[in-house]
Asks: 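Quick one: this structure, given as structure tokens, is what I'll be asking you about.
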Number of protein chains: 2
Amino acid sequence: MATAARALGGYGSVSAAAKERVAQAAKTLGYRPNVVARSMITGRTNAIGVVLADIENAFFSSAVRGIADAARAAGQHVILANTDEDIEKEHAAIRVFVERRVDGLIVCPTDGTDRTYLRGIIEQGTPVVLLDRRIRGLRADSVGIDNHRAAYEATRYLLAAGHERIGVVTGTASDVEAALHRPGLVGVENLVGMTGGERTAGYRDALLQAGIEPRVDYVVSGGGYRREDAVAATKELMALEEPPTAILPLDSILSLGVLQAVRELGLRCPRDVSVVGFDDAEWTETVTPPLTVVAQPVQEIGARALQRLLSRIDGSRQRPVHETLETTLVERESVGPPLSEG
Amino acid sequence: MATAARALGGYGSVSAAAKERVAQAAKTLGYRPNVVARSMITGRTNAIGVVLADIENAFFSSAVRGIADAARAAGQHVILANTDEDIEKEHAAIRVFVERRVDGLIVCPTDGTDRTYLRGIIEQGTPVVLLDRRIRGLRADSVGIDNHRAAYEATRYLLAAGHERIGVVTGTASDVEAALHRPGLVGVENLVGMTGGERTAGYRDALLQAGIEPRVDYVVSGGGYRREDAVAATKELMALEEPPTAILPLDSILSLGVLQAVRELGLRCPRDVSVVGFDDAEWTETVTPPLTVVAQPVQEIGARALQRLLSRIDGSRQRPVHETLETTLVERESVGPPLSEG
DNA sequence: CTGTTAGCGCATTCAT
DNA sequence: ATGAATGCGCTAACAG
């Protein structure tokens, strides 16, 4: 009888009495609904796919934590895929997820992602929310921070401390690196889906507003987002004829690299170089000196992304919204006055 | 015709010619197999559930990375659940996973897990592999390190440096804390599923072997696995009449707390206190001083756990094996000679 | 409100 | 080697 099914499935209308009896019977029989069969009918799997660069990276693991908590509250499951910033892996992961019939996707696209692939997925009916990165011209919500503004404020903070020669250590993929090196840093913000681009633009504009001409050789990238890359980049920076007196690494791993390079060069922070990092990792107040950072509400970014995805899954058809959460500049001890010429 | 199904599903026998034609037709029609329907028939979902305390913790995110890589190679998907060391959440997560018909489970049980719950799951037919922690009397494989030996060696290293008063900062849940405080630390290793217990036993035995009587007041727990707990625990330790000259924090977050406390107390490491931590987190060589640690091959632990799970899923019925991977003592600069009495 | 019927898309019999 | 028929466990649509 279908009444039993209705009672157990929680749909249609069932009398309270019947519902009670069915629940009782189900318990004694040890009945467990078959979720797979249900999914086949309803077309919903209650699973959402999360596609990111690397779960080992603290930024992503915090984001996933936020997503997972919100998902659990909504009865959704989180499936994970790492891309290592590799576009092939990203596409493969997404393809497999839609084949698996996930209800929706949260993706943090790799630098320079082509927007057409994701466009196809969306048009085909799988809702997508972008996390951290944002792709212009794509009908997808996104949740992140105002990267331009965050970098702008960090730079102004350094400027206010008296620094005029400020270096940036970024982790741009090599194929867009060239674009990063145009005179005056013109157009960096247009690099597709690049937080690094937007942040560099914020840095540039703060400089410009202070009447300082941005120097191309002050923006360096080690090629990847690994610490060794940042170490090399920092050494390159400090080997310049006029080395910067302050450095702005664009994520937490890069900050670690900058700090390491500073130490390896026999320099001291903040006496010889000041540093303002991105992301308030667990170790930021334990390193020497405690690191001043731009903190993002990472868990909340994840939670909001899931929220947005849910409303899309529930059929929301409003035009894409780009949600931007507030960052905080956490002042610690890695910024001091610039070293006077010596 | 069933031939098409056979060709696409890759089972039964099909002539090469037919296979070719079917593949062609499938491509032009844009056919995508319905994984959900397939799962209903085969009973396999190609998904494995991973249950751990907190994905934000570097140990777990590395383990998940290892699991995910191995899973991808095997065509399996990884579903995540965080328990926050809460037994209720752990049970709930596991229940939902088996209801979802995952092919298997990798679980890192919370301290003091009752073994009966998992036993039920296993007997009911879902393979389980334990990660990091291990539960005696449970018919499940486990993958981790030799906790006793790792702590034993770390302690001997400290002993060799001349330390005789060595403190331990652990993160035991409060309900088993009492057991940690028996005179002579007798029986700590029997605490169910506790890496902390085994490690404390290793510490105790190294002391004993050196002819030093273990002191109960040198083993402290802040109650949880948070940094603040370790800060408090360390301060408690250093406030003793005869404070230890070296400290052994039992995981990376706790190490951070110990380092922070040392600094807040105005002490210097290793001049005033030496420290040997567990787990080679990304920041260990960037803090001051670079931290000497017992490193575990965490990604590999995850990968091996998945491997073991797969062979169980494929029907292996051999008796449970407990796999133990090698640890490495990474010497850096946080250990020096003990501070002479003064 | 409840019972009956049909069918989701596939894998697996059984024939041929 | 192939085609036809059956059923996995459930929900949806319809009748009563």
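No experiment lies behind these values; they were computed from the predicted model shown. Residue numbering restarts at 1 for every chain, and letters A, B, ... go by the order of the sequence lines.
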Asks: If you fit an axis to the five pairs at each end of the helix from C:dC1-D:dG16 to C:dT16-D:dA1, how big is the angle between those two axes, to 10 degrees?
Replies: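 Here the local axes at opposite ends form an angle of 30°.
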Asks: Hey, does the side chain of A:T3 come within less than 4.0 Å of C:dG3's phosphate (OP1/OP2), counting only N and O?
Replies: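 True: A:T3 side-chain N/O within range (under 4.0 Å) of C:dG3 OP1/OP2.
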Asks: Of the nucleotides C:dA11, D:dG9, C:dT2, which has the atom closest to the A:V14 side chain?
Replies: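 Comparing C:dA11, D:dG9, C:dT2 against the side chain of A:V14, the answer is C:dT2.
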Asks: Choose from D:dG3, D:dC8, C:dC10 the nucleotide whose nearest atom is closest to any side-chain atom of B:M40.
Replies: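 Nearest listed nucleotide: D:dC8.
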Asks: In this structure, how many angstroms lie between the P atom of D:dT11 and the CG atom of A:N46, rounded?
Replies: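 Those two atoms, CG and P, are 12 Å apart.
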Asks: When you check the gap from the basic side-chain N to the acidic O, do A:D54 and A:R226 get nearer than 4.0 Å?
Replies: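 No.
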Asks: Using OP1 and OP2 only, check whether a side-chain N or O of A:R38 sits under 4.0 Å from D:dG9.
Replies: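 So the side chain of A:R38 is outside the cut-off, no N or O lying under 4.0 Å from OP1 or OP2 of D:dG9.
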Asks: Can you tell whether the side chains of A:E56 and B:R65 come within less than 4.0 Å, N to carboxylate O?
Replies: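 Between B:R65 and A:E56 there is no salt bridge, as every charged N stays at least 4.0 Å from the carboxylate O atoms.
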Asks: Starting at atom CD1 of B:I41, determine the distance to atom P of C:dG7, rounded to an integer number of angstrom.
Replies: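 So the CD1-P distance, B:I41 to C:dG7, works out to 17 Å.
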Asks: Return no unless some side-chain N or O of A:S13 is found under 4.0 Å from OP1 or OP2 of C:dT2.
Replies: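 Checking C:dT2 against A:S13, no side-chain N or O comes under 4.0 Å of OP1 or OP2.
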Asks: Look up atom CZ in A:F60 and atom CD1 in A:I67, then write down how far apart they are to the nearest 0.5 Å.
Replies: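 Atom-to-atom, A:F60:CZ and A:I67:CD1 are 10.0 Å apart.
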Asks: Please give, in whole Å, the distance from C:dC10 P to B:R32 CZ?
Replies: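 Atom-to-atom, B:R32 to C:dC10, this comes out as 12 Å.
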Asks: Side chains of A:V51 and A:I106, heavy atoms from C-beta outward: is any pair under 4.5 Å?
Replies: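 Heavy-atom side-chain distance check fails, nothing below 4.5 Å.
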Asks: Given atom CZ of B:R44 and atom P of C:dG9, what is their separation to the nearest angstrom?
Replies: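 The answer, rounded to whole Å, is 23 Å.
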Asks: Report the nucleotide, chosen from C:dC1, D:dT2, D:dC10, that has the shortest atom-to-atom distance to any side-chain atom of A:A37.
Replies: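 Looking only at side-chain atoms, A:A37 lies closest to D:dC10.
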Asks: Regarding A:E99 and B:R38, does a basic nitrogen lie under 4.0 Å from an acidic carboxylate oxygen?
Replies: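 No, A:E99 and B:R38 are not salt-bridged.
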Asks: Please report the distance, rounded to the nearest Å, between CG in A:L29 and C1' in D:dG9.
Replies: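 It is 16 Å, rounded to the nearest whole Å.
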Asks: So, under a plain 3.5 Å distance rule, would you say the side chain of B:R6 forms a donor-acceptor pair with the base of D:dG3?
Replies: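 Such a pair is found, so the answer is yes.
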Asks: B:S142 side chain to B:L131 main-chain N or O, any donor-acceptor pair under 3.5 Å?
Replies: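 Checking the backbone N and O of B:L131 against the side chain of B:S142, no donor-acceptor pair under 3.5 Å is found.
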Asks: On the nucleotide C:dC10, are OP1 or OP2 found under 4.0 Å from the side-chain N or O atoms that B:T42 carries?
Replies: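 No, no such contact exists.
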Asks: Taking atom NZ of A:K89 as the centre, does the number of heavy atoms from other residues, nucleotides or ligands within less than 6.0 Å exceed 12?
Replies: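 Count over threshold, so yes.
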Asks: Let me know, please, whether B:S15 or A:Y31 comes out on the 5' side of the other along DNA chain D by nearest nucleotide.
Replies: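 Counting from the 5' end, the first nearest nucleotide belongs to B:S15.
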